[in-house]
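First the structure, in the form of structure tokens, and then the observations on it.
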There are 2 protein chains.
Amino acid sequence: MSDLLERLRGRGWRMTSQRRVVAEVLDGEHVHLTADEVHARAVRLLPEISRATVYNALGELVLLGEVAEVSTDGRAKRYDPNARHPHQHLVCSGCGLIRDVHPSGDPLSHLPPGERFGFTLSGVEVTYRGLCPSCV
Amino acid sequence: MSDLLERLRGRGWRMTSQRRVVAEVLDGEHVHLTADEVHARAVRLLPEISRATVYNALGELVLLGEVAEVSTDGRAKRYDPNARHPHQHLVCSGCGLIRDVHPSGDPLSHLPPGERFGFTLSGVEVTYRGLCPSCV
DNA sequence: TCTTGACTTGGATTGCGTCCATCGTAGGAT
DNA sequence: ATCCTACGATGGACGCAATCCAAGTCAAGA
């Protein structure tokens, strides 16, 4: 377990048993869970936790920058606990498998000044698509 | 008006009055409409057209490669009639404005071999985020 | 220990999209 | 020009993901 809980406490996040289990579910994981999957795992640790609470906690973790929202398939959003380490995603068009990847260079730098239209850039999301080895 | 209707006919797309108005709505536009917005505009040209038909036609245009699906906000998908010209998107975090942009170089080439995990890459989507001039 | 404002609950509600049985029609065949 | 029939359109029901809300509960500072 990392120091996610410590960081949250230190930032004044009011700690409840529900928020603790949501954070714990995400902390150990290196996968990309949907809100329902997070809820299912949280229920194992705290049977009475509600869906709404899981949504609330996830939304706050996103605002705090501890978790990233990933929507790669137009269906349920997924939650990526690796938000503190910048990365992009590689998604299998066959089975939906998601891998964290690290492109070379800074993706932001590839948008020429003439293509910025006066915007103040704050970030960039890159989704590579393809077929994983199992899907040929 | 471009030759979208001609291309569709040439590819054996059965032409109905409903499909024609959906194609016409998209053809003149350089914006990124939701399915509901496409339906609203189609209704002006053909009052009795149904939402299901608009969804069907949009789905087929996507499969034909004439229109691209864009989901930049986790809400309704948007339909981009500029699919035949490769491009990426720049999205304003304030007002949701979407602009087509053209990064330098091929985004696919920025994923090193060691980060491809045996995938056969087929494409990449890049979404730049920032604030447009109106949103400061 | 007390107090209070923040958090949780779960059922209702919304938003977006899909499904399906039935009706209508485009376009080839005659 | 007319007929056929397979493909498309219809719209209401349905499903999933997510949010809302009013009432109950509780963490943490005083």
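Each chain gets a letter, A, B and so on, in the order the sequences are listed, and its residues count up from 1.
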Measure from CD on B/E37 to P on C/dG17 and round the result to the nearest Å. 11 Å
Rounded distance (Å) that lies between atom C1' of D/dC26 and atom CZ of A/R20: 13 Å
As a test of reading the structure: which of C/dT9, C/dG17, C/dG27 is closest to the side chain of B/R9, going by heavy atoms? C/dG27
Counting only side-chain heavy atoms from C-beta out, which of D/dT10, C/dG17, D/dA17 sits nearest to B/E48? D/dT10
Quick one, B/I49 and B/V22 - any side-chain contact, counting heavy atoms below 4.5 Å? yes
Output the rounded distance in Å from CE (B/M15) to P (D/dG8). 12 Å
Return no unless some side-chain N or O of B/Y55 is found under 4.0 Å from OP1 or OP2 of C/dG17. yes
Residue B/N56, side-chain atoms from C-beta onward, closest of D/dT10, D/dG8, C/dT9: D/dT10
If you only use heavy atoms from C-beta on, which nucleotide in C/dT9, D/dT10, C/dG17 is closest to the side chain of B/K77? C/dG17
Separation of D/dA17 P from A/E69 CD (nearest whole Å): 15 Å
Report the distance from atom OH of B/Y128 to atom CD1 of B/I98, rounding to the nearest 0.5 Å. 15.5 Å
First locate atom CD of A/E125, then atom CD of A/E69, and finally report the distance between them rounded to the nearest 0.5 Å. 10.0 Å
Among C/dG15, C/dG10, D/dA17, which is the nearest nucleotide to the side chain of A/A76? D/dA17
B/H89-B/D80 side chain donor-acceptor pair, cut-off 3.5 Å: yes
Taking only N and O in the side chain of B/R19, is any of them less than 4.0 Å away from OP1 or OP2 of D/dA9? yes
Over all strands shown, is B/R51 touching base, sugar-phosphate only, or nothing at heavy-atom distances under 4.0 angstrom? base
Closest to the B/A52 side chain: C/dG10, D/dA17, D/dT10? D/dT10
Does a side-chain N or O of B/Q18 approach OP1 or OP2 of C/dG24 to a distance below 4.0 Å, or not? no
Whole angstroms only, please: what is the CG-C1' distance between A/L8 and D/dA27? 16 Å
Just how far, in rounded Å, is C1' of D/dT19 from NE2 of A/H39? 15 Å
Please determine if a side-chain N or O atom of B/T16 lies less than 4.0 Å away from the OP1 or OP2 oxygen of D/dA9. yes
Nearest of C/dA6, D/dA6, D/dC16 to any side-chain atom of A/R75? D/dC16
Of B/R78 and B/S17, the one whose nearest nucleotide on DNA chain C sits closer to the 5' end is B/R78
Find the distance between CG (B/L45) and CD (B/Q18) and round it off to the nearest 0.5 Å. 12.0 Å
Give the rounded distance in Å between these two atoms: CD1 of A/I49 and C1' of D/dT25. 14 Å
Can you tell me if B/T53 touches the phosphate of D/dT10, counting only side-chain N or O atoms and a distance under 4.0 Å to OP1 or OP2? yes
Nearest 0.5 Å, please: how far is NE2 in A/H32 from CG in A/D100? 4.0 Å
Return the value, rounded to whole Å, for the distance between atom CH2 of B/W13 and atom P of D/dA6. 22 Å
